[in-house]
Amino acid sequence: MGRKTEFSSAGLHVLAMGFMLCDHLWAALFPAQEWLTCIGRLAFPLFAFMAAEGCARTRNLRRYMLRMLCWAVLSEIPFNLMISGSAFYPYHQNVLWTFLLSLLLIALIEKCRTCLKPVPAAFLSVGLGAAGFILGFAAMTDYYGAGVLTVLTFYFFRGRNWKERLLQLVCLYILNVELLGGYCYELRLPGYTVEIAQQSLALLSLPLIWLYRGRQGLHSKAFQYFCYAFYPVHMLLLAAARAWILR
């Protein structure tokens, strides 16, 4: 498959930012335009995949986690302003906390796999995954425990063979349709009606992820900081635009 049909890491980041912007435009300014949030469903799996990929490829996981922590802290007030109009909103935390929790779990699971025999390591890893799932709900991070398990899915099933991709599909179906299903659309067909969960549209991100072949693409400090800064900056702008419209 040639490069014309590939996505680089940079390309996936840009796509994910575009999908996220659509979702946040819907949330902050255009709640009647549901097509925006439908497009936005593709954003989180792309970001989760890139967080897992970054964890697998980084030469310094501690520095990667520290960078995620700093941007999570910087993004919390812009996130609160966008979703609630208040600088303090303890009932929902921004998505970088979800990624940070996921990275911490991955580090602990890898430590177990290194230090313990396979059977106890497997049991402890499952326990850690369950704890992360519960903690994601308890801390009310974005996408809750299902978001944490999405990152773990992409980390531990990151191969490019059909078995790994099938596992990704099955896991994302369970997480997005069974756990996060929520709001549904009715599709009327001759003789019967089918319900499609809005969150199931997240599975459409998988073909884009499968077109990634490990190529980094554009890679510079400036681009890296742009990708991180885009998150809090665009939320601040959307919050300001909504405040201006409502004044």
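Excluded from the calculations below are hydrogen atoms, water molecules and symmetry mates; all remaining heavy atoms, backbone and side chain alike, are included. Small disclaimer: the values here were computed from a predicted structure and weren't measured.
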[X] and [Y] aromatic centres sub-6.0 Å:
| X | Y | result |
| --- | --- | --- |
| Tyr89 | Tyr91 | yes |
| His92 | Tyr144 | yes |
| Phe99 | Phe44 | yes |

Does [X] reach the side chain of [Y], with side-chain heavy atoms less than 4.5 Å apart?
| X | Y | answer |
| --- | --- | --- |
| Trp97 | Val73 | yes |
| Ser9 | Met50 | yes |
| Leu152 | Ser102 | yes |
| Ile106 | Val151 | yes |
| Asn94 | Ser75 | yes |
| Leu172 | Pro45 | yes |
| Cys227 | Met17 | yes |
| Leu169 | Arg165 | no |

More than 12 non-hydrogen atoms from neighbouring residues, nucleotides or ligands closer than 6.0 Å to [atom1] on [X], yes or no?
| X | atom1 | answer |
| --- | --- | --- |
| Ile77 | CD1 | no |
| Phe137 | CZ | yes |
| Phe156 | CZ | yes |
| Phe123 | CZ | no |

Would a hydrophobic clustering, with Ile, Leu, Val, Met, Phe, Trp and Tyr connected at side-chain separations under 4.5 Å, put [X] with [Y]?
| X | Y | value |
| --- | --- | --- |
| Ile39 | Leu29 | yes |
| Phe47 | Leu211 | yes |
| Met20 | Trp35 | yes |
| Leu237 | Trp244 | no |

Checklist entry - Passes side chain to side chain contact (heavy atoms under 4.5 Å, CB included), Glu186 versus Arg188? Steps please. => result CA-CA 6 Å; Glu186 286 190 351; Arg188 299 185 183 278; 3.1 Å; yes
Using modelled atom types and a 3.5 Å cut-off, is there a donor and acceptor pairing between side-chain atoms of [X] and backbone atoms of [Y]?
| X | Y | result |
| --- | --- | --- |
| Asp23 | Gly40 | no |
| Arg213 | Glu6 | no |
| Thr58 | Gly54 | no |
| Trp26 | Pro31 | yes |

Checklist entry - Listed by chain and number, what are the side chain to side chain donor-acceptor pair (under 3.5 Å) partners of Glu53, not counting sequence neighbours? => result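 Per chain and number, Glu53 pairs via side chain to side chain donor-acceptor pair (under 3.5 Å) with Arg57, Tyr212.
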Rounded to the nearest 0.5 Å, how far does [atom2] of [Y] lie from [atom1] of [X]?
| X | Y | atom1 | atom2 | result |
| --- | --- | --- | --- | --- |
| Arg41 | Gln198 | CZ | CD | 5.5 Å |
| Leu128 | Leu135 | CG | CG | 11.5 Å |
| Leu124 | Ile109 | CG | CD1 | 8.5 Å |
| Tyr64 | Leu69 | OH | CG | 13.5 Å |
| Met68 | Arg63 | CE | CZ | 14.5 Å |
| Tyr228 | Tyr225 | OH | OH | 9.0 Å |

Checklist entry - How close do Gln168 and Thr153 get, heavy atom to heavy atom, and via which atoms? => result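 Heavy atoms of Gln168 and Thr153 come nearest at CA-CG2, 4.2 Å.
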Checklist entry - Shortest non-hydrogen contact from Gly147 to Thr98? => result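 Smallest interatomic distance, heavy atoms only, reads C-CG2, 3.7 Å.
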Checklist entry - Could you walk me through whether Leu187 and Tyr185 pass the side chain to side chain contact (heavy atoms under 4.5 Å, CB included) check? => result CA-CA 6 Å; Leu187 179 62; Tyr185 297 109; over 6 Å; no
Checklist entry - Under the 6.0 Å and 45° cation-pi test, does Arg158 pair with Tyr155? => result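 Here Arg158 passes the 6.0 Å and 45° test against Tyr155.
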Item to check | Residue pairs, two or more places apart or on separate chains, that pass side-chain hydrogen bond (donor to acceptor under 3.5 Å, both in side chains) and touch residues 230-240 | outcome: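 For residues 230-240: His24-His234.
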Next on the checklist: Test side chain to side chain contact (heavy atoms under 4.5 Å, CB included) on Met65 and Leu104; report intermediate values, then the result.
Outcome noted: CA-CA 8 Å; Met65 293 172 63; Leu104 178 59; 3.9 Å; yes
Checklist entry - Are Tyr183 and Gln199 close enough that a side-chain donor and a side-chain acceptor fall under 3.5 Å? => result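 Checked: Tyr183/Gln199 side chains show no N/O donor-acceptor pair below 3.5 Å.
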